[in-house]
Amino acid sequence: MFENIEFANPQLFWLLSLLPIALVWYILTRKNQVASLRISSIKGFKTSSIFSKLKPLLFVLRLLALAAVITALARPQTKEVSTRTKTTKGIDIVMSIDVSSSMLARDLKPNRLDALKDVAEDFIKKRPNDRIGLVAYAGESYTKTPITSDKSIVLAALRDIDYGQLEDGTAIGMGLATSVNRLKESKAISKVIILLTDGVNNAGFIEPQTAADLAVEYDIKTYTIGLGTNGNALTPIAYKRDGTFQYGMRQVEIDEELLEDIADVTGGKYFRATDNDKLEEIYDEINKLEKTEIEEFKYTKYEEKFRFWVFIAGIFLLLESLLRATIFKSFI
């Protein structure tokens, strides 16, 4: 009952300092409160009973009642706080992911695609109030997941992304255009595409500049990420007889100028990720740049507990009155 108790008027506890003063006053004036009679001998009189010695108990009960009243006036109460959040500025995000064979290069660990999926998964989990969709592209593109607030669907689709689901190649324009198509009907205040690639545009029938112009028309900001180390990387270069890839060192080629242009014209930003740590830092920065505004409402419920102390004070006063009218009646 006394856990998590707060007091609305704690300053009233200063009144408790009057109780010791009252006690001292009672002790000093106690002898004057009873009439005295001087005689030469008390022989033949009954000695005083134990009840006469307990008479100060009446004053103690009154002090306890007063202490309980002061506690009640301080208004003990419990406080229960509940919160409700409301998204005041939601963001719709489409993550456009290159799934060409070069994404299996091992300059990131264990490879570019798996490294990206790990970082993207963490990014998605940090955006609980936004809708997110996935687009995969290689030589062509398709929507893996439309924008949705159900993060379990998005995460499952992300884990399912793999090489071999599309014709090989790097159709940056197609990946961007498909992403724009997913967002053009969005009513969100902010619409964002995060486009990642590790190569140059060499496939598809939509030019990247055309897709960027579409993004501008629909007021869609695009962040672009070039993925790959500087120099050479261990990359798939041919198929073995068993159908697995044969790896060899190959020069990393990323059309950074194109990616910068796409970002600039759409109001976004271009990043270069050369290793796992840098990739993680980039997604953290994008996460900070695109903040969702959340309005939090707090509701406080107070439950007053002063009635208990009023009851205790009443008990003490009633007990004092009963004792004064019965046991101590002849000593007053």
Undergrad: Between the main-chain N or O of Gln77 and the side-chain N or O of Lys305, is there a donor-acceptor pair closer than 3.5 Å?
TA: no
Undergrad: Please report the closest heavy-atom contact between Ala211 and Ala177, naming both atoms and the distance.
TA: CB-N, 3.7 Å
Undergrad: If we ignore angles and hydrogens, is there a donor and acceptor under 3.5 Å between the side chains of Thr197 and Asp98?
TA: yes
Undergrad: Can you confirm whether or not the ring centre of Tyr163 sits under 6.0 Å from the ring centre of Phe245?
TA: yes
Undergrad: Give the minimum heavy-atom separation between Ile91 and Ile93, together with the two atoms involved.
TA: CG2-CG1, 3.6 Å
Undergrad: Do Ile97 and Leu158 have side-chain heavy atoms sitting under 4.5 Å apart?
TA: yes
Undergrad: Under 3.5 Å, is there a donor-acceptor pair between the side chain of Asn9 and the main chain of Leu12?
TA: no
Undergrad: Establish, yes or no, whether a centroid distance under 6.0 Å links the rings of Phe13 and Phe7.
TA: yes
Undergrad: Which residue, Val154, Leu155, Val192, forms the side chain to side chain contact (heavy atoms under 4.5 Å, CB included) with Ile132?
TA: Val154
Undergrad: If only atom types and distance count, is the side chain of Thr244 paired as donor or acceptor with the main-chain N or O of Lys240 below 3.5 Å?
TA: no
Undergrad: For Glu207, does the CD atom sit with more than 12 other heavy atoms under 6.0 Å from it, leaving out its own atoms?
TA: no
Undergrad: Between Ile254 and Tyr270, what is the shortest heavy-atom contact and its length?
TA: CG2-OH, 4.3 Å
Undergrad: Is the backbone of Ser186 close enough, under 3.5 Å, to the side chain of Asp92 for a donor and an acceptor to pair up by distance?
TA: no
Undergrad: Give a yes or no answer on whether the side chain of Ser96 reaches the backbone of Gly175 with a donor-acceptor pair at less than 3.5 Å.
TA: yes
Undergrad: Would one find more than 12 heavy atoms of other residues, nucleotides or ligands at under 6.0 Å from atom CZ of Arg272?
TA: yes
Undergrad: Between Asp198 (side chain) and Gly228 (backbone), is there a donor-acceptor pair under 3.5 Å?
TA: no
Undergrad: Treating Lys109 as the side-chain partner and Arg106 as the backbone partner, does any N or O pair qualify as donor plus acceptor under 3.5 Å?
TA: yes
Undergrad: Are Tyr218 and Ile172 in one and the same hydrophobic cluster, where Ile, Leu, Val, Met, Phe, Trp and Tyr link if side-chain heavy atoms are under 4.5 Å apart?
TA: yes
Undergrad: Answer yes if the side chains of Asp150 and Ser152 hold a donor-acceptor pair under 3.5 Å, and no otherwise.
TA: yes
Undergrad: Closest approach of Thr224 and Leu259, non-hydrogen atoms and distance?
TA: OG1-O, 2.9 Å
Undergrad: Side chains of Arg127 and Asn287 only: does a donor on one sit below 3.5 Å from an acceptor on the other?
TA: yes
Undergrad: Testing the basics here: between Thr178 and Ser141, what is the closest heavy-atom pair and its distance to 0.1 Å?
TA: OG1-OG, 2.6 Å
Undergrad: Ignoring hydrogens and geometry, is there a side-chain-to-backbone donor-acceptor pair from Arg112 to Ser102 under 3.5 Å?
TA: yes
Undergrad: Judged by atom type as modelled, is there a donor-acceptor pair below 3.5 Å linking the side chain of Gln165 to the main-chain atoms of Asp160?
TA: yes
Undergrad: Once you round to the nearest 0.5 Å, how far does CD of Glu290 lie from CD of Glu285?
TA: 11.0 Å
Undergrad: Would you check if Thr266 and Ile220 make a side-chain contact, meaning some heavy-atom pair closer than 4.5 Å?
TA: no
Undergrad: Under 3.5 Å, is there a donor-acceptor pair linking the side chains of Thr143 and Arg182?
TA: yes
